[in-house]
Novice: 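Got a structure for you, questions after.
Given the structure is predicted, the values throughout are model-derived calculations rather than measurements. In this chain, residues are counted from 1 in sequence order.
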Amino acid sequence: MTATEALPVQVLVLAKRPVAGRVKTRLTPPYSPDQATTLAAAALDDTLDVVAATPVSHRVLAFDGEPDGWRRTYSVVEQCGGGLDDRLTAAVRDAYELHDLPVLLVGMDTPQLRPDLLHEAARRLLQPGVDAVLGPATDGGFWLVGLRRPHPRAFAGVPMSRAYTCDAQLARLRQLGLRVRLLPQLTDVDDAASARAVAAAAPGTRFASVHAALAEQELVG
């Protein structure tokens, strides 16, 4: 396979419509709810653009809210209710029902994501002897999880949004007998400090541009 060949994998983005008070609440303070929403919208747009530019067979958006023009590039499924483990389980199930292909699932919290990172994750997932891939995040969570085939217990009951979530998820996958490859670590945008770090790491993104504009507003104010 060449570096630019579309791999037989689907990338699934789990996201919600950026609405003040519902997204990136840990950015407030120092940001206002509207400013946090603007940062979240930029992160989502960056993520969707990166996934659209990644050479894979299909792209699926599991969305909480009404999507805009993304149906041109993405198959769109509605997120279910419940905890994050429930929503991950349902999103992966729905993606497999659409396209019977291995799934790479990402969120909207790592706007520094690049097509080459996603393509490498897809390549690793397709390697012989690999059933799953997992990308650790610096906060103890994970920024990506990939499965060759869905499993009803892959996420069920795994404690989410904890400092040990990635370790717990890795343990669960291995308990199910899955052979897991780990990916490079990335930083989720959770709070003001991580927002600064991500903006610095990805200066060409919408997220970095919005972050810089908000910082300039603060200096002027």
Novice: Please find the pair of heavy atoms, one from Asp188 and one from Ala137, that lie closest to each other, and give the distance.
Specialist: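 Smallest heavy-atom distance, with atoms named: OD2-CB, 3.8 Å.
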
Novice: Do the side chain of Trp143 and the main chain of Thr138 share a donor and acceptor less than 3.5 angstrom apart?
Specialist: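 Such a contact is absent between Trp143 side chain and Thr138 backbone.
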
Novice: Any donor and acceptor pair, going by atom type alone, linking the side chain of Arg162 with main-chain N or O of Met160 inside 3.5 Å?
Specialist: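 Answer holds: yes.
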
Novice: If only atom types and distance count, is the side chain of Asp139 paired as donor or acceptor with the main-chain N or O of Gly141 below 3.5 Å?
Specialist: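 Checking the backbone N and O of Gly141 against the side chain of Asp139, a donor-acceptor pair under 3.5 Å is found.
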
Novice: I want to check something: taking the side chain as every heavy atom from C-beta on, are Pro55 and Leu7 in contact at a cut-off of under 4.5 Å?
Specialist: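 No, their side chains stay 4.5 Å or more apart.
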
Novice: Is the backbone of Leu113 close enough, under 3.5 Å, to the side chain of Thr110 for a donor and an acceptor to pair up by distance?
Specialist: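 Answer holds: no.
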
Novice: Which heavy-atom pair separates Ala95 from Val103 by the least distance, and what is that distance?
Specialist: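 Nearest heavy atoms, Ala95 then Val103: CB-CG2, 4.0 Å.
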
Novice: Hey, are the side chains of Leu126 and Pro102 touching, using non-hydrogen atoms and a 4.5 Å cut-off?
Specialist: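 Yes; the side chains approach each other to less than 4.5 Å.
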
Novice: Would you kindly confirm whether Val51 and Val77 end up in one hydrophobic cluster when ILVMFWY residues are joined by side chain heavy atoms under 4.5 Å apart?
Specialist: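 Different clusters: Val51 never reaches Val77 through Ile, Leu, Val, Met, Phe, Trp or Tyr contacts under 4.5 Å.
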
Novice: To the nearest 0.5 Å, tell me how far Arg17 CZ sits from Arg22 CZ.
Specialist: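 So the gap between those two atoms works out to 10.5 Å.
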
Novice: Between Arg148 and Asp131, is there a salt bridge with N-O shorter than 4.0 Å?
Specialist: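 No, no charged N to carboxylate O under 4.0 Å.
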
Novice: Could you check whether any side-chain N or O of His99 sits under 3.5 Å from a backbone N or O of Leu101, counting only pairs where one atom can act as donor and the other as acceptor?
Specialist: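 No; judged by distance alone, with no hydrogens or angles, the pair does not exist.
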
Novice: Can you list the steps and then say if Leu173 with Leu147 is a side-chain contact (heavy atoms from CB on, under 4.5 Å)?
Specialist: CA-CA 10 Å; Leu173 296 175; Leu147 296 170; 4.0 Å; yes

Novice: Could you grab the distance from atom OG1 of Thr54 to atom CD of Glu120, nearest 0.5 Å is fine?
Specialist: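 Between Thr54 OG1 and Glu120 CD, I get 12.5 Å after rounding to 0.5 Å.
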
Novice: Hey, mind stepping through Leu144 and Leu105 against side-chain contact (heavy atoms from CB on, under 4.5 Å) and telling me if it holds?
Specialist: CA-CA 6 Å; Leu144 177 148; Leu105 186 151; over 6 Å; no

Novice: Passes side-chain contact (heavy atoms from CB on, under 4.5 Å), Leu12 versus Val92? Steps please.
Specialist: CA-CA 8 Å; Leu12 169 63; Val92 170; 4.2 Å; yes

Novice: Stepwise, does the side chain to side chain donor-acceptor pair (under 3.5 Å) test hold for Arg181 with Gln127?
Specialist: CA-CA 10 Å; Arg181 288 284 300 275; Gln127 288 178 337; 2.6 Å; yes

Novice: I'd like to know if the side chain of Gln79 reaches the main chain of Ala90, judged simply by a donor and an acceptor atom lying under 3.5 Å from each other, with no hydrogens or angles considered.
Specialist: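 Checking the backbone N and O of Ala90 against the side chain of Gln79, no donor-acceptor pair under 3.5 Å is found.
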
Novice: With a 3.5 Å distance limit and no angle check, can you tell me whether Asp46 reaches the backbone of Thr205 through a side-chain donor-acceptor pair?
Specialist: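 A pair under 3.5 Å: no.
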
Novice: Evaluate the side-chain proximity of Arg124 to Leu183: yes if any heavy-atom separation is below 4.5 Å, no if none is.
Specialist: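 Yes, close enough: below the 4.5 Å cut-off.
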
Novice: Quick one: does His211's side chain get under 4.5 Å of Arg196's, heavy atoms only?
Specialist: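 Yes, side chains in contact.
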
Novice: Is it the case that atom CD in Gln185 sees more than 12 heavy atoms from other parts of the structure closer than 6.0 Å?
Specialist: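 Yes.
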
Novice: Hey, are Arg172 and Asp85 close enough for a salt bridge, meaning a charged N less than 4.0 Å from a carboxylate O?
Specialist: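 Answer for the salt bridge query: no.
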
Novice: Quick check against the 3.5 Å criterion: does Tyr31 have a side-chain atom that pairs as donor or acceptor with the backbone of Ala192?
Specialist: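 It does not hold such a pair.
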
Novice: Looking at Lys24 and Asp109, is there a salt bridge between them, counting it only when a charged N and a carboxylate O are closer than 4.0 Å?
Specialist: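 Looking at Lys24 together with Asp109, the answer is yes, because their closest N to O distance falls below 4.0 Å.
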
Novice: Could you measure the distance from the CG atom of Leu176 to the CZ atom of Arg153? Nearest 0.5 Å is fine.
Specialist: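 So the CG of Leu176 and the CZ of Arg153 are separated by 5.5 Å.
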
Novice: To the nearest 0.5 Å, how far apart are OG in Ser161 and CG in Asp190?
Specialist: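 Rounded to the nearest 0.5 Å, the OG-CG separation comes to 8.0 Å.
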
Novice: Between Val210 and Val23, is there shared hydrophobic-cluster membership here, with clusters defined by ILVMFWY side-chain heavy atoms closer than 4.5 Å?
Specialist: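 Not linked; separate clusters.
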
Novice: If we only count heavy atoms from C-beta on, is the Leu39 to Leu27 side-chain gap below 4.5 Å?
Specialist: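 Heavy-atom side-chain distance check passes, below 4.5 Å.
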
Novice: How long is the span from the CZ atom in Phe207 to the OG1 atom in Thr47, to the nearest 0.5 Å?
Specialist: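 That separation rounds to 10.0 Å.
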
Novice: Should Val145 and Leu170 be counted in the same cluster of Ile, Leu, Val, Met, Phe, Trp and Tyr side chains packed under 4.5 Å apart?
Specialist: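 In one cluster: yes.
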
Novice: State plainly whether one hydrophobic cluster holds both Val11 and Met108, where clusters connect Ile, Leu, Val, Met, Phe, Trp and Tyr through side-chain heavy atoms under 4.5 angstrom apart.
Specialist: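 Yes, because Val11 and Met108 connect within a single hydrophobic cluster, where side-chain heavy atoms sit under 4.5 Å apart.
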
Novice: For Asp191 and Ser194, test the side chains for any donor-to-acceptor distance below 3.5 angstrom and give the result as yes or no.
Specialist: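 Their side chains do contain a donor-acceptor pair, which is all the 3.5 Å distance test asks for.
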
Novice: Is any side-chain heavy atom of Pro150 closer than 4.5 Å to one of Tyr96?
Specialist: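 In short, these two side chains touch, coming nearer than 4.5 Å.
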
Novice: Ignoring hydrogens and angles, tell me if any N or O in the side chain of Gln112 forms a donor-acceptor pair with the backbone of Ala201 under 3.5 Å.
Specialist: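 Flag not set: sc Gln112 to bb Ala201 has no pair under 3.5 Å.
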
Novice: Would you say the side chain of Leu104 lies within less than 4.5 Å of the side chain of Val133, judging by non-hydrogen atoms?
Specialist: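 Yes, their side chains come closer than 4.5 Å.
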
Novice: Tell me, with the steps shown, if Asp64 and Arg87 meet salt bridge (Lys or Arg N to Asp or Glu O under 4.0 Å).
Specialist: CA-CA 10 Å; Asp64 179 358; Arg87 289 184 282 130; 5.9 Å; no

Novice: In Å, rounded to the nearest 0.5 Å, how long is the span from CG of Leu88 to CG of Leu84?
Specialist: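 Going from the CG atom of Leu88 to the CG atom of Leu84 covers 4.0 Å.
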
Novice: Does the side-chain contact (heavy atoms from CB on, under 4.5 Å) test come out yes or no for Tyr74 and Leu48, once each step is laid out?
Specialist: CA-CA 9 Å; Tyr74 288 79; Leu48 293 174; 3.5 Å; yes

Novice: Taking the side chain as C-beta and beyond, is there a heavy-atom pair between Phe63 and Val13 under 4.5 Å?
Specialist: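 With C-beta onward as the side chain, the pair stays apart.
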
Novice: Keeping the roles fixed (side chain from Gln35, backbone from Ser32), state whether a donor-acceptor pair exists under 3.5 Å.
Specialist: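 Indeed, once roles are kept as given, a pair shorter than 3.5 Å links the two residues.
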
Novice: Let me check something: do Leu117 and Val130 share a hydrophobic cluster, defined by ILVMFWY side-chain heavy atoms less than 4.5 Å apart, either directly or through other members?
Specialist: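 Yes, Leu117 connects to Val130 through the hydrophobic network.
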
